J.: 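One structure, pasted below without further comment.
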Amino acid sequence: MDCNRCGACCVAPDIAALDKPLGLRCPHLGADNLCTVYDRRPQVCRDYAADEVCRRIDAPTLEERVHKYLALFELTDEARRVRESGCSSMRRARSG
């Protein structure tokens, strides 16, 4: 499957290499849902390939895609807690 550049993989999962918490927008994701550090992005981002999950969470908006991703992996409540805590660090979110 080809990447459709929807941005969900830059918002929904936590990304340890960037210390990005679950459900929060990557600080390098531009308003156009494209990576602003694409040429020097971490290896985990380079290695990511669109797959069946991308097809399953397809939706008209980034917010809807993220919601579907979190629900698919039963992470909705955890992501809500991270957002509500205002935690901008994955490490701190996991330790709290």
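Fair warning: this is a prediction, and the values are worked out from it, not measured in the lab.
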J.: Could you tell me if the side chain of Pro42 sits less than 4.5 Å from the side chain of Leu18, heavy atoms only?
T.: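 In contact.
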
J.: Would the number of heavy atoms belonging to other residues, nucleotides or ligands and lying under 6.0 Å from CG of Asp2 be above 12?
T.: no

J.: Hydrophobic clustering (ILVMFWY, side-chain heavy atoms < 4.5 Å, transitive) - are Leu29 and Leu34 grouped together?
T.: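 Per the 4.5 Å side-chain linkage, Leu34 and Leu29 are not co-clustered.
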
J.: Between Lys20 and Pro13, what is the shortest heavy-atom contact and its length?
T.: NZ-O, 2.7 Å

J.: Kindly say whether Thr76 contributes a backbone atom to a donor-acceptor pair with the side chain of Arg81 at under 3.5 angstrom?
T.: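 The answer is no, because no donor-acceptor pair under 3.5 Å joins these two groups.
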
J.: If you define the side chain from C-beta out and look only at heavy atoms, does anything of Val82 sit under 4.5 Å from Asp14?
T.: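 No, every pair of side-chain atoms sits at 4.5 Å or beyond.
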
J.: Is there a salt bridge (charged side-chain N to carboxylate O under 4.0 Å, His left out) between Glu52 and Arg55 once you walk through the steps?
T.: CA-CA 5 Å; Glu52 181 61 27; Arg55 194 173 330 213; 3.5 Å; yes

J.: Would a single hydrophobic cluster contain both Leu75 and Val11, if residues Ile, Leu, Val, Met, Phe, Trp and Tyr are joined by side-chain heavy-atom contacts under 4.5 Å?
T.: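 In one cluster: yes.
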
J.: Measure the SG-CG distance between Cys10 and Asn33 for me, rounded to the nearest 0.5 Å.
T.: 8.0 Å

J.: What do you reckon, is CZ of Arg25 surrounded by more than 12 foreign heavy atoms closer than 6.0 Å?
T.: yes

J.: Counting only heavy atoms from other residues, nucleotides and ligands, does the tally under 6.0 Å from CD of Glu74 exceed 12?
T.: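 12 or below, so no.
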
J.: How long is the straight-line distance from SG of Cys6 back to CD of Glu64, given to the nearest 0.5 Å?
T.: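 Result: 11.5 Å between the selected atoms.
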
J.: In the structure I gave you, are the side-chain heavy atoms of Met1 and Asp51 within less than 4.5 Å of one another anywhere?
T.: no

J.: Is the number of heavy atoms from other residues, nucleotides or ligands under 6.0 Å of Tyr38 OH greater than 12?
T.: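 Open: at most 12 neighbouring heavy atoms sit under 6.0 Å from OH of Tyr38.
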
J.: Looking at every non-hydrogen atom in both residues, tell me the closest pair between Ala17 and Val44 and how far apart they are.
T.: CB-CG1, 4.0 Å

J.: Compare all side-chain heavy atoms of Lys68 with those of Arg56 and state whether any distance is below 4.5 angstrom.
T.: no

J.: With a 4.5 Å cut-off on side-chain heavy atoms, are Arg65 and Leu62 touching?
T.: yes

J.: Same cluster or not: Val37 versus Tyr48, using hydrophobic residues (I, L, V, M, F, W, Y) connected whenever any side-chain heavy atoms lie under 4.5 Å apart?
T.: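 Cluster IDs for Val37 and Tyr48 differ.
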
J.: Return the SG to CG distance between Cys54 and Asn4, rounded to the nearest 0.5 Å.
T.: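 Those atoms lie 7.0 Å apart.
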
J.: Rounded to the nearest 0.5 Å, how far apart are CG of Leu22 and SG of Cys87?
T.: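 The SG atom of Cys87 is 11.5 Å from CG of Leu22, to the nearest 0.5 Å.
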
J.: Spell out, yes or no, whether Leu70 and Ile57 are grouped together once hydrophobic residues are joined by side-chain heavy atoms under 4.5 Å, including indirect joins.
T.: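 Result: yes, single cluster for both.
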
